[in-house]
Each structure stands twice: as structure tokens, then as C-alpha cells.
2 protein chains.
Amino acid sequence: MTQNIYDQEDFFAGYRRLPRSVDGLEGAAEWPAIRALLPAMKGLRVLDLGCGFGWFARWARQEGAASVLAIDVSANMLKRAAEMTKDSAITYASGDMETLDVPAASFDLVYSSLAFHYIANLKHTFAVIHRALVPGAPFVFSVEHPLYTAPSTPGFVTTADGRRVWPLDRYLDESDRKTDWLAKGVIKRHRTVGGYVSLLLGTGFTLTHLEEWGPTAEQIAARPDWAVERDRPPFMLVAARSS
Amino acid sequence: MTQNIYDQEDFFAGYRRLPRSVDGLEGAAEWPAIRALLPAMKGLRVLDLGCGFGWFARWARQEGAASVLAIDVSANMLKRAAEMTKDSAITYASGDMETLDVPAASFDLVYSSLAFHYIANLKHTFAVIHRALVPGAPFVFSVEHPLYTAPSTPGFVTTADGRRVWPLDRYLDESDRKTDWLAKGVIKRHRTVGGYVSLLLGTGFTLTHLEEWGPTAEQIAARPDWAVERDRPPFMLVAARSS
């Protein structure tokens with residue numbers, strides 16, 4: 001079963017103070033790039049997996065989505081999401097993606113932001129998503145980039161000759177990684193880029209976009225400390241279509 | 001224009017002694033994985049880009065391919081390939097992939113091994129390949145993995161706390177890299193995984209396989225020094241279909 005770190009108090013206390021938690025989508029540097037992958041929302045029935053505080057669900061409705069089923073494993077996140085939402089067309093539901101089941105051919109878009117790298121049995125999740133979508137409908141998601149999750153000790157280091165580098169190892173070893181981000185012992189599931197793509201293609205999706213996200217020149221001008229993220233991309237953005 | 005390093009004598013003297021040069025396909029550790037991506041060869045008209053010594057062209061004919069057009073930019077390589085070949089259905093031709101032109105809808109398979117990471121204008125090459133294939137036909141290729149080509153200084157290093165790591169930097173910087181492999185000043189074109197995929201999808205290909213190749217457990221048992229290649233994959237194997 002996937003670790004539910006968001007219901008661990010020290011993690012949640014840190015997470016809820018991140019810019020993306022306080023400011024929503026506009027606080028997420030990769031949001032403009034993800035938004036560019038999304039279809040027009042008008043009339044769509046949307047499934048949002050790992051909905052967190054519900055920022056995307058509310059945005060989708062503002063943009064004209066017909067309905068949003070927003071699922072998360074964390075009671076903390078769902079409680080806060082419900083408090084921030086006054087909209088009967090958004091349904092928040094508690095669910096574990098590892099055992100998820102939703103009605104077949106009932107959604108026009110499946111979206112997930114930074115959730116799948118916590119999921120051990122992603123094959124099951126992708127199969128459920130494929131079945132949930134109407135034929136040809138889009139599936140758009142982001143994950144922590146495999147280069148971010150791979151290392152035994154993720155964090156830039158300085159080499160003997162003074163270079164700042166990302167200490168890559170274990171890239172092809174698709175298995176759990178335990179890191180200390182916001183709290184001790186956060187468990188992620190490392191997959192390779194090829195691993196994600198193989199799962200998608202094997203499920204019957206057609207890949208339509210694969211983007212290794214780094215900050216733009218404009219973003220770096222505003223936040224020079226972000227430049228290092230171009231040495232090792234933090235996120236991967238993927239779009240596919242059910243087929 | 002792409003650097004023609006294979007016609008530089010010090011590089012060629014080193015290259016011709018590599019196992020893959022002496023032993024052909026069986027001397028290339030990734031060959032079994034590439035072979036698994038290939039269709040049955042019987043009757044196929046094959047285009048081989050960056051054919052080198054012609055090992056693949058001869059193998060394809062042994063497997064029943066109808067014909068092979070094998071192109072390389074290196075006069076050294078083509079001369080040696082012709083010396084090793086007695087087969088009128090294999091045509092060796094001198095050509096630069098940057099300015100390549102071949103007849104439309106005339107090939108049932110396009111294959112390329114470890115050549116594209118030298119090509120600056122790969123968009124042109126992919127467009128020519130797409131046009132050269134009959135509709136729905138496969139395109140199979142390998143390149144040096146983007147993780148291999150990315151770093152300013154590619155080579156494992158030991159961190160202050162004694163870890164052996166691959167010193168990743170500049171991953172998102174898609175541009176030339178000058179390295180000293182077999183000879184000084186070998187120029188490669190670094191692209192990200194997403195960069196290769198975007199070029200393919202943008203050309204009208206459908207991605208059917210993306211593999212970040214590392215040695216198998218059996219290969220590591222035979223060659224324990226290869227284990228490190230699983231920390232940072234050396235090759236990327238790709239299969240697509242024209243559409």
C-alpha cells in the first residue's frame with residue numbers, strides 16, 4: 001500500500017506552507033507548461049487523481065468543466081479542499097490510487113499532478129484511468145522527474161574540482177526511495193522515463209507529449225536560485241490519449 | 001555540418017578496435033535488446049543510416065531482407081564495409097544525414113545505431129525518414145543516452161563521502177558537447193529524452209517503444225565492471241511507426 005505521508009502531521013505542516021499550497025496553481029512554477037497541455041475545459045467531465053487542496057478542481061470548474069471528481073488519499077487534504085470549495089459539481093472523495101475503481105467511459109479528461117511517484121502499483125492505476133476515459137480522450141499528468149527521484153542521496157554536491165553536480169546513481173533501479181523532504185522517511189517509487197512510457201503504451205495509451213520541465217529564462221531572471229533546476233529537471237509532464 | 005570524426009585517423013584507429021567493430025553485432029551489448037524491437041526481415045527494403053562497417057546490413061540480408069541501402073558519412077567506414085560485403089542487394093552510399101535525401105515511400109524499415117547524437121539538424125533527418133517509409137512502417141534506432149551526453153565532464157566521480165556518482169549537469173541544455181573519446185574534440189549534440197520524443201511526435205511518428213538500456217543481470221555476471229552502467233544508462237533504444 002502507498003504511504004499516506006500527507007496525513008503525517010510534520011509533513012502536512014510543511015506541505016501546507018509551500019507556495020503551491022498557499023497560492024494554488026499560480027504558486028506552481030510548472031503550471032503554465034501543464035496548462036498548455038490541457039484541452040478546453042468547457043463541458044468536460046474531469047477526474048483529478050491526487051487532488052490535494054482542490055486548486056485544479058476549482059480552476060477546471062471556473063474554466064467551464066461540467067463536473068470534477070477529485071480524489072485523494074489524505075483526509076487532511078480533502079478536509080481543507082472541502083473548506084475552500086462551494087460548488088456542488090465538484091465531488092471530493094477519499095481513495096487510494098492503488099485500489100482505485102471508477103465508472104468506465106465516464107470522463108473526458110484525467111488529470112494528476114505530482115502524485116504518481118508515490119504509487120507502487122501504477123500499472124493498476126493506469127488501467128483504471130484508461131477504462132475511465134471515453135475513447136480518444138486526454139490524460140495529462142506530472143510527476144517528479146526520474147532524475148530527481150533516482151539518487152541514493154538526492155541533493156546537489158560539489159566535486160573535488162569545484163563543480164556543482166547532481167549525484168546520479170541507481171537510475172535504472174526502479175524501486176522505492178526513502179528521502180527526508182518536509183519529514184523523515186518519505187517513500188517514493190522511482191521509475192525511469194522509459195518505465196513511465198512503457199506503462200502508458202502497455203496500457204493502450206498513445207503518447208502525445210513528453211516534457212522534461214525546467215524553469216524558463218523569465219522564471220530564472222525572477223528567481224536566479226532556480227537556474228540549478230536546468231541541470232537536473234525537477235518535473236516530467238506527460239500527455240497521452242486513450243486509444 | 002556534422003563533424004565527420006570517423007575519418008579522423010586517431011579516432012578511426014581506436015574505433016576499429018572496439019568489440020563492436022571487430023565482432024560486429026554480437027560485440028555490441030545492446031544488440032539483443034535492439035533485435036527484439038525489429039520486425040521479421042523477410043522481404044523488407046531496409047534503410048540503414050550510419051551503417052559503419054555494414055554489420056547490420058549483412059545481418060538484415062542473412063535474415064531475408066530484400067535489399068539494404070546503407071549510408072554513412074565516413075569514407076573509412078564505407079571502404080571497410082564494402083571490403084567485407086559480397087552482396088549486390090546491399091548498396092553502400094556516402095551521405096550526410098543533415099542533407100540526406102532518399103526516395104519517398106520506398107522503405108519498409110529504417111534503422112540507425114548510435115549515429116543521431118552526432119547530428120545537429122535531426123529535424124531534417126527525421127522528416128526524410130518519415131517520407132522514406134511506407135505508411136505504418138517501423139523506425140528503430142539507438143543513441144547515446146541523454147544522461148551520457150549531458151554532463152560538462154562525463155565520467156564517474158567520487159563524492160566527499162565516498163559515493164561513486166555520475167556528475168549530472170546541463171541536462172536541459174540541448175547543444176553541442178565536446179568530449180575526448182578515442183580522440184580529442186569529438187563533438188556530439190546533446191538532446192534530452194523529451195527532445196528526441198518531441199522531434200519524433202512532431203514529425204508524425206507514433207512512439208511504440210522507449211527503452212533506457214543497461215546491462216542485464218547475466219551480462220553483469222559475465223562483466224562485473226559493467227554494473228556501473230545501471231547507475232547511468234549508456235544507450236537509449238527507440239521504436240516508432242510512421243503515421
Side-chain angles (χ1 to χ4, degrees), chain A residues 145-148 150-174 191-202 205-216 220 227-241 243, chain B residues 145-148 150-174 191-202 205-216 220 227-241 243:
Chain A
H145 194 288
L147 289 171
Y148 192 85
S152 307
T153 309
F156 284 93
V157 296
T158 302
T159 62
D161 59 350
R163 289 176 288 132
R164 178 201 62 203
V165 301
W166 182 253
L168 185 66
D169 65 354
R170 298 184 66 193
Y171 181 78
L172 291 178
D173 176 9
E174 293 193 312
R191 286 182 181 82
T192 63
V193 176
Y196 280 108
V197 170
S198 295
L199 276 177
L200 273 176
L201 300 182
F205 285 102
T206 300
L207 185 70
T208 56
H209 190 87
L210 177 68
E211 181 171 345
E212 302 180 275
W213 185 89
T216 62
I220 292 171
V228 67
E229 304 290 330
R230 295 196 64 85
D231 283 332
R232 178 273 301 127
F235 305 125
M236 182 166 76
L237 318 183
V238 179
R241 285 192 176 278
S243 47
Chain B
H145 195 288
L147 289 171
Y148 192 84
S152 308
T153 309
F156 284 92
V157 297
T158 302
T159 62
D161 58 348
R163 290 175 288 133
R164 179 200 61 202
V165 301
W166 182 253
L168 185 66
D169 65 354
R170 297 183 66 191
Y171 181 79
L172 290 179
D173 177 10
E174 293 194 311
R191 284 183 183 81
T192 63
V193 176
Y196 280 108
V197 170
S198 295
L199 276 176
L200 274 175
L201 300 183
F205 285 102
T206 300
L207 185 71
T208 56
H209 190 87
L210 176 68
E211 181 171 347
E212 303 181 273
W213 185 89
T216 62
I220 291 171
V228 67
E229 305 289 330
R230 296 196 63 85
D231 283 332
R232 178 274 301 129
F235 306 125
M236 182 167 74
L237 317 182
V238 178
R241 287 193 176 274
S243 48

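Each chain gets a letter, A, B and so on, in the order the sequences are listed, and its residues count up from 1. Just so it is clear, the structure is predicted and the values come from calculations on it, not from any experiment.
For T158(A), no part sits under 4.5 Å from any heavy atom of chain B, backbone or side chain. Contact of S152(B) with chain A is not made at all, since no heavy-atom distance falls under 4.5 Å. Interface residue T192(B): backbone and side-chain heavy atoms are both found under 4.5 Å from chain A. Both the backbone and the side chain of L207(A) come within less than 4.5 Å of a heavy atom in chain B.
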Legend entry - Audit row: L147(A), L147(B), side chain to side chain contact (heavy atoms under 4.5 Å, CB included) steps and yes/no: CA-CA 9 Å; L147(A) 289 171; L147(B) 289 171; 3.2 Å; yes
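By number of non-hydrogen pairs under 4.5 angstrom with chain B, the leading residue of G195(A), G202(A), P167(A), G214(A) is P167(A).
Between L210(A) and S198(B), the closest heavy-atom pair is O-OG, 3.9 Å. Heavy atoms only, all atoms of each residue included: V157(A) and R163(B) are closest at CG1-NH2, 4.0 Å. Contact record, R170(A) with D231(B): N-OD1, 2.8 Å, taken as the closest heavy-atom pair. Smallest separation of non-hydrogen atoms from E229(A) and L172(B): O-CD1, 4.2 Å.
With hydrogens and angles ignored, the 3.5 Å screen pairs a side-chain donor or acceptor of E212(B) with a backbone N or O of V193(A).
How far CG of L201(B) is from NE2 of H209(A): 9.0 Å, rounded to the nearest 0.5 Å.
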